[in-house]
Number of protein chains: 2
Amino acid sequence: MPANRTHPGRYSLKNERPLIMTKPPTRIQKRNQAAILSAGLDIFSQFGFRGSTLDQIADAAGLSKPNLLYYFPSKEAIHAALLARLLETWLDPLKALNGNGDPVKEIMGYAQRKLALSKDYPRESRLFANEILQGAPRIETILHSDLKNLVDEKATVIRSWADAGKIAPVDPYHLIFSIWALTQHYADFDVQVQAVMPGSDPYAGAATYLDHVISRILQP
Amino acid sequence: MPANRTHPGRYSLKNERPLIMTKPPTRIQKRNQAAILSAGLDIFSQFGFRGSTLDQIADAAGLSKPNLLYYFPSKEAIHAALLARLLETWLDPLKALNGNGDPVKEIMGYAQRKLALSKDYPRESRLFANEILQGAPRIETILHSDLKNLVDEKATVIRSWADAGKIAPVDPYHLIFSIWALTQHYADFDVQVQAVMPGSDPYAGAATYLDHVISRILQP
DNA sequence: TCTTGGTTTGACCAGATGGTCAAAACAACG
DNA sequence: CGTTGTTTTGACCATCTGGTCAAACCAAGA
């Protein structure tokens, strides 16, 4: 019987329920898929989708190009898998903002969680930045649905805090934008930050500064 | 006598003194070079250097590819010309920060000038963002020299203001980073901003919010 | 109008790129 | 060890890409 000609694994942005008969991935599949995703993250986050090549990714993963394409059916598929994995975790910090908690604490906590994400997952941050810069062709619908809904929801919460006088009367949307901007900057513009502050770890100072900024912004 | 085989115009990042015998550009040269630079800006700012193709740029400029290469000797040259033009204006707002002026007014003025730049030149902002995201291979030296020197100089000014109690004791480097982040975000992540706040012009709200933020940050 | 020099283009090239395929190599297990 | 399904690869292909070139075209002044 000829070998199975389909590719192992799943890699879609759409919710593809795992088929009942899907075999569990072998040890080798796990290792190589992880290597490919990590390599793809390195390359895509640096050069964007169109600027990256399968050869680069294969090199970085330590595999031959045909072997790459044995695990993922196309360049697109690798990219889609990375974006899917990214989006899963990317919105979590905002989801965790609790409307029943202490306003200032909640918002500062959110900002710090987001900063930690930039520190611990700078490649993911740059992958996302690249995607947005290029017009977000592959995640536009998600931005307009999931992201917008989540932001609308939390903006309502923040606005109610402002109306109740618990925080200063700021525009909640711009507040959220500013937290995104302030935190992602350290990952996305790392080269520039390093050029201006050579040798130092910017994240320590950034955390302190961020605390200062947010608390000042929110003081009623 | 055969036609001049060199390309018209200048397009180097290095300071290339205009040769004495350089002929003034013709009407057609001016028009086409401008069209190419504008088209290049459109394409490069969206796809980055490696993700952009000469065909795309030629199409956008309404020229054939060989005609493109009659005006600029290579893809690199177009990109370099754009970066050079960009860097000229990009540092101006910070240069204009006056150490003898009123601290809060100066810093708020700087932030507003930077925001205006994002609003009026979003493509330039994205070109820069793309370059930084990709590791700034073509402007690294400038970041380490011109940019760093300028930031160091202004950071000293800001620190002296803080030491004199005229503004809150903030880290001047992170203050500058935060101004960059807050203002560039609206140009670089425009798609995301538009997805979350559809239809509205974010810059009006951004200017108000920015004023609020900066004044709060700096209150002694 | 003719000449001259700037401008535009079709045809072309070498190398890169995404992707395919059949066959070989290998791991696992009875 | 032999069988079976998984993994890996060399060779290959069509298309794209940056760039070249000689020839054709055109604008403008003498």
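Labels below follow one simple rule: chain letters A, B, ... track the order of the sequence lines, proteins then strands, and each chain is numbered from 1. Just so you know, these numbers use all the heavy atoms, side chains as well, and skip hydrogens, waters and symmetry mates. Computed from a predicted structure; not experimentally measured.
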Inset, instruction - May I ask you to say what B/Arg27 touches in the nucleic acid, namely base, sugar-phosphate or nothing, with a heavy-atom cut-off under 4.0 Å? - result: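 Touches sugar-phosphate only.
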[N] [atom2] sits how many Å from [X] [atom1], rounded?
| X | N | atom1 | atom2 | answer |
| --- | --- | --- | --- | --- |
| A/Leu68 | C/dG19 | CG | P | 11 Å |
| A/Leu63 | D/dT9 | CG | P | 8 Å |
| A/Leu69 | C/dT17 | CG | P | 14 Å |
| A/Asn67 | C/dA27 | CG | P | 13 Å |
| A/Asp59 | C/dG18 | CG | P | 12 Å |
| B/Phe72 | C/dT7 | CZ | P | 13 Å |
| A/Gln56 | C/dG18 | CD | C1' | 13 Å |
| A/Ile28 | D/dT7 | CD1 | P | 6 Å |

Starting the side chain at C-beta, find the nucleotide from [options] nearest to [X].
| X | options | answer |
| --- | --- | --- |
| A/Tyr71 | D/dT7, C/dT8, D/dT20 | D/dT7 |
| B/Pro66 | D/dT17, C/dT9, D/dT8 | C/dT9 |
| B/Thr53 | D/dG18, D/dT9, C/dT7 | D/dG18 |

Inset, instruction - Please identify each residue that fulfils ring pair (Phe, Tyr, Trp, His ring centres under 6.0 Å) with A/His185, with sequence neighbours left out. - result: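 A/His185 satisfies ring pair (Phe, Tyr, Trp, His ring centres under 6.0 Å) with A/Phe189 only.
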Please state whether the phosphate of [N], meaning OP1 or OP2, lies under 4.0 angstrom from any side-chain nitrogen or oxygen of [X].
| X | N | value |
| --- | --- | --- |
| B/Gln29 | C/dT7 | yes |
| A/Asn32 | D/dT6 | no |
| B/Ser64 | C/dT8 | no |
| B/Tyr70 | C/dT7 | yes |

Do other residues, nucleotides or ligands put more than 12 heavy atoms under 6.0 Å from the [atom1] atom of [X]?
| X | atom1 | result |
| --- | --- | --- |
| A/Arg123 | CZ | yes |
| A/Tyr121 | OH | no |
| B/Arg113 | CZ | yes |

Legend entry - Plane angle bin for A/Phe177 and B/Tyr186 - parallel if under 30°, tilted between 30 and 60°, otherwise perpendicular: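 Judged by the thresholds at 30° and 60°, the geometry between B/Tyr186 and A/Phe177 is perpendicular.
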Legend entry - Under-3.5 Å donor-acceptor pair between B/Lys65 side chain and D/dG18 base: yes
Inset, instruction - Evaluate the criterion side-chain contact (heavy atoms from CB on, under 4.5 Å) for residue pair A/His174 and B/Met197; output intermediate values, then yes/no. - result: CA-CA 10 Å; A/His174 288 284; B/Met197 297 177 69; 4.2 Å; yes
Inset, instruction - Establish, yes or no, whether the cationic atom of B/Lys75 lies under 6.0 Å from the six-membered ring centre of B/Phe49 and within 45° of the ring axis. - result: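 Yes.
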Inset, instruction - Would you jot down, in residue-number order, the residues of residues 34-49 of chain A having a non-hydrogen atom under 4.0 Å from DNA chain D? - result: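 Going residue by residue through residues 34-49 of chain A, none turns out to have a heavy atom under 4.0 Å of DNA chain D.
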